[in-house]
Amino acid sequence: MKTFFFLIVLAGLCPLIVRAQDKCVITSDKLPAAAELHGFRLGMTMEEVRSRVPPIVFGRLDPYGISKTSINPSFDSRFDQTSFAGVRTVSLTFLDGRLMELWIGYDGAFKWQKFDEFVGGISKSLNLPNAWQAKARGQQISCDGLQIAASMLAGSPSLRLTDTAGEKTLISRRQAAADAAEETEALPTKVSADKHSKLFYPANCAGADGIGAENLVIFNDAAEALKAGYKLAKNCQ
């Protein structure tokens, strides 16, 4: 009777055990240096990437700390064709000078051309568990601060590795910038500011009358006042 009860409990736990085993807990710094990644890894600095591919030209840095670039080993003779065999395009996105996202598009010479074969091969190379989920036109797996996506493009497979922590930082920065722009646009133009208190007062806000002549500063708009280091007076918010 006890043995029967134990078997029932074990049977109930089996799905939980399987799910625990299938969960991906690997971090980007623990990914194996698989041949399919061709020497790239998330977190690389720009100098480390340049050391790997000297001819690379990095994209312009945007206000959020992002720089993007791509290389096309199949079409550009400046790149070592041997070390990039089977690769059509590599796209790299850097955040604050470190590789945040890596996308590799393979060509018709790549060893795994069937999608299922590609997913199975990449899983083995990167030591990934069987935790892939359908996503858009492919599959993806979410790990600890890391997302890996596989899909087909132009008849051949492609692989995308994303540092999700970096992605969240980027989203946060863009939202903060949008909020600041919205707040600035909502403020009236022509503001009076107090050099002593470092506060400014829009034209339709009381308080500017109390600024002494020796401390009065006039700005063309709120954005100019904010840039100069002044803050909007609380009674004007």
N215 side, atom CG; K198 side, atom NZ - distance, nearest 0.5 Å
10.5 Å
Closest heavy-atom pair, E117 versus Q113, reported as atoms and distance to 0.1 Å, is OE1-N, 3.7 Å
Would R174 and Y64 count as a cation-pi pair here, with the cationic atom under 6.0 angstrom from the ring centre and within 45° of the axis?
yes
Just by modelled atom types, is the A149 backbone N or O under 3.5 Å from a matching donor or acceptor in the R160 side chain?
no
Just so I know, are the side chains of V90 and H38 near enough to count as touching, which here means a heavy-atom distance under 4.5 Å?
no
Counting C-beta onward and ignoring hydrogens, is there a side-chain heavy-atom pair between L153 and R88 closer than 4.5 Å?
yes
According to the interplanar angle, ranging from 0 to 90°, do the rings of F115 and F118 count as parallel (below 30°), tilted (30 to 60°) or perpendicular (above 60°)?
tilted
Apply the test side-chain hydrogen bond (donor to acceptor under 3.5 Å, both in side chains) to residues T162 and E167: give CA-CA distance (whole Å), side-chain angles for both, the deciding distance (0.1 Å), then the verdict.
CA-CA 8 Å; T162 305; E167 193 173 47; 5.3 Å; no
Is the distance between the ring centroids of F94 and F58 less than 6.0 Å?
yes
Return yes if some donor-acceptor pair links the side-chain N/O of Q81 with the main-chain N/O of P73 below 3.5 Å, else return no.
yes
Quick check on K168: does its NZ atom have over 12 non-hydrogen neighbours (other residues, nucleotides or ligands) under 6.0 Å away?
no
Under 3.5 Å, is there a donor-acceptor pair between the side chain of N72 and the main chain of D76?
no
Are K68 and E101 ion-paired here, with the side-chain N under 4.0 Å from a carboxylate O?
no
Is there a path of hydrophobic side-chain contacts, each under 4.5 Å between heavy atoms, that joins L95 and L31?
no
Kindly indicate, with the supporting measurements, whether the criterion side chain to side chain contact (heavy atoms under 4.5 Å, CB included) is fulfilled by N235 and Y201.
CA-CA 9 Å; N235 62 301; Y201 304 81; 3.9 Å; yes
So, for V119 and S123, which heavy atoms are closest and what is the spacing to 0.1 Å?
O-OG, 2.8 Å
Given side chain to side chain contact (heavy atoms under 4.5 Å, CB included), test F219 with L226 step by step and report yes or no.
CA-CA 10 Å; F219 291 103; L226 288 169; over 6 Å; no
In Å, rounded to the nearest 0.5 Å, how long is the span from OG of S74 to CZ of F79?
11.5 Å
May I ask whether L42 and L128 are part of the same hydrophobic cluster, defined by side-chain heavy atoms of I, L, V, M, F, W, Y residues being less than 4.5 angstrom apart, directly or through others?
yes
Hey, what do you get for OG (S192) to OH (Y230), rounding to the nearest 0.5 Å?
11.5 Å
Test item: Y106 side-chain N/O and W112 main-chain N/O as donor-acceptor pair under 3.5 Å:
no
Has the side chain of S142 got a donor or acceptor atom that lies under 3.5 Å from a matching backbone atom of Q147?
no
Let me confirm one number: the CE-CG distance from M46 to D96, rounded to the nearest 0.5 Å.
9.5 Å
Cluster link L199 to L216, ILVMFWY, side chain under 4.5 Å
yes
Both conditions, 6.0 Å and 45 degrees, for the charged tip of R52 above the ring of F84: are they met here?
yes
When you look at E36 and L159, which way does the side chain to side chain contact (heavy atoms under 4.5 Å, CB included) test go after all the steps?
CA-CA 9 Å; E36 293 79 18; L159 183 70; 5.6 Å; no
Using every non-hydrogen atom in the two residues, find where F40 and I71 come nearest and quote the distance to one decimal.
CZ-CD1, 4.4 Å
Can you check whether M100 reaches L170 side chain to side chain, under 4.5 Å on heavy atoms?
yes
Are L161 and M152 connected, step by step, through hydrophobic side chains (Ile, Leu, Val, Met, Phe, Trp, Tyr) whose heavy atoms are closer than 4.5 Å?
yes
Which atom names give the shortest non-hydrogen contact between P32 and I26, and what distance separates them?
CD-CD1, 4.5 Å
Specify the closest pair of heavy atoms between S156 and G108, including all atoms of both residues, with the distance to one decimal.
OG-N, 3.5 Å
Shortest non-hydrogen pair, V191 vs A225, comes out as CG2-CB, 4.0 Å
Nearest-0.5 Å distance that lies between atom OG in S151 and atom CD in Q140
10.5 Å
Heavy atoms from other residues, nucleotides or ligands near NZ of K227 exceed 12 (cutoff 6.0 Å)
no
Would you say the side chain of F200 lies within less than 4.5 Å of the side chain of L232, judging by non-hydrogen atoms?
yes
Gap separating the OG atom of S70 from the CG atom of L92, nearest 0.5 angstrom:
7.0 Å
Is there a path of hydrophobic side-chain contacts, each under 4.5 Å between heavy atoms of I, L, V, M, F, W or Y residues, that connects I148 with L37?
yes
